[in-house]
Colleague: 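Please read through the structure below; I'll follow up with questions.
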Amino acid sequence: MSAVRLVLLGRQGAGKGTQAVRLSEHYGAPHISTGDMLRSAVAEGTEFGRKAAEIMARGDLVPDDVIIGVVTERLAKDDARDNGFLLDGFPRTVAQAEALNELTAGSGLHAVINIDVPLDEVRERMRQRGRDDDTDEAIDRRLELYESETAPLISFYEAAGLMVQVDGLGSMDEVFVRLVAAVDGSTSAS
Ligand code: ADP
């Protein structure tokens, strides 16, 4: 199969990042993580990076127009044009999803996959991973924003006939096998 164009959704701590890396290798499509891109900007210490760092430390979302600009530039690069993409962490709001629709107007998305893990379980996983921005307050804020801003994307993409739910409980390998089955099922149907 050539050039898959996928979006991965899932609560923080659902295993999205890890699975995105594996899926990216499996399908030969670049893994585009807005969180990783923002963290590199922070590490570079640019003006933009400093602003992003404050927002991320609070667990808030970077403004839509800013992140849409970042993703627009990234998707215009040759690797994404030629080999498709696996978006991880974008879109996170309906405005971002609408922008992505415009960006992919010619080619379209193959599927949007939600890695489903219950709230109690992700809360526990996040406490254990102990990333710098994983303070209790930031965790609560990020999960709250996920429910209010990002969860509505599930109905948005259901309406578009693109939504696929995958059970995110179990080992990394078990979840990976389910994801590949979900992607292959949806891309062969389209
Ligand atoms: P997590 O899934 O644990 O929130 P990410 O690495 O995806 O981790 O994102 C880290 C932070 O980067 C988010 O809390 C948010 O502040 C910012 N961010 C990432 N992607 C987006 C986006 N699409 N829109 C707005 N902010 C974003």
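Whatever order the structure lists them in is the order used to number ligands and atoms, beginning at 1.
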Colleague: Have a look at ligand 1 and work out which part of V62, if any, has a heavy atom under 4.0 Å from it: side chain, backbone, both or neither.
Modeller: both
Colleague: For E121, is there an ion pair with R125 - N to carboxylate O distance below 4.0 angstrom?
Modeller: yes
Colleague: Going by the order shown, which atoms of ligand 1 are within less than 4.0 Å of some heavy atom of R129?
Modeller: 3 (O)
Colleague: With respect to atom 1 (P) of ligand 1, which of M126, Q12, K16 exhibits the smallest heavy-atom separation?
Modeller: Q12
Colleague: Ignoring hydrogens and angles, tell me if any N or O in the side chain of T104 forms a donor-acceptor pair with the backbone of L109 under 3.5 Å.
Modeller: no
Colleague: Near T34, which atoms of ligand 1 are under 4.0 Å from a heavy atom of that residue?
Modeller: 19 (C), 20 (N), 21 (C), 23 (N)
Colleague: Just heavy atoms, cut-off under 4.0 Å: does L61 contact ligand 1 by side chain, backbone, both, or neither?
Modeller: both
Colleague: Taking only heavy atoms of L38, which atoms of ligand 1 are found under 4.0 Å from at least one of them?
Modeller: 12 (O), 17 (C), 18 (N), 19 (C), 27 (C)
Colleague: For Q96 and D64: C-alpha separation, side-chain torsions, deciding distance, then whether side-chain hydrogen bond (donor to acceptor under 3.5 Å, both in side chains) applies.
Modeller: CA-CA 6 Å; Q96 293 178 18; D64 283 334; 2.9 Å; yes
Colleague: Identify the protein heavy atom lying closest to atom 8 (O) of ligand 1, giving its residue, its atom name and the separation to 0.1 Å.
Modeller: R131 NH2, 3.4 Å
Colleague: Do M172 and L169 belong together in a cluster built from hydrophobic side chains that touch within less than 4.5 Å?
Modeller: no
Colleague: Does NZ or CZ of R22 fall inside the cone over F176's six-membered ring, less than 6.0 Å from its centre and within 45° of the axis?
Modeller: yes
Colleague: Do D116 and Q165 have side-chain atoms, one donor and one acceptor, less than 3.5 Å apart?
Modeller: no
Colleague: Heavy atoms only: which of I55, D60, D64 lies closest to atom 15 (C) of ligand 1?
Modeller: D60
Colleague: Using a 4.0 Å cut-off to any heavy atom of R39, which atoms of ligand 1 qualify?
Modeller: 6 (O), 10 (C)
Colleague: Go through the steps for Q12 and M126 under the test side chain to side chain contact (heavy atoms under 4.5 Å, CB included), then give the verdict.
Modeller: CA-CA 8 Å; Q12 291 79 0; M126 279 166 85; 3.5 Å; yes
Colleague: Quick one: which of R142, R92, M56 has a heavy atom closest to atom 9 (O) of ligand 1?
Modeller: R92
Colleague: Does this structure show an ion pair linking R58 with D60, if we count only N-O contacts that are shorter than 4.0 Å?
Modeller: yes
Colleague: Using a 4.0 Å heavy-atom cut-off, say whether M37 meets ligand 1 through its side chain, its backbone, both or neither.
Modeller: neither
Colleague: Report yes if the side chains of R92 and L145 come closer than 4.5 Å at any heavy-atom pair, otherwise no.
Modeller: no
Colleague: Specify side chain, backbone, both or neither for Q96, according to which of its non-hydrogen atoms lie closer than 4.0 Å to ligand 1.
Modeller: side chain
Colleague: Go through ligand 1 atom by atom and flag the ones less than 4.0 Å from a non-hydrogen atom of G89.
Modeller: 20 (N), 21 (C), 22 (C), 23 (N)
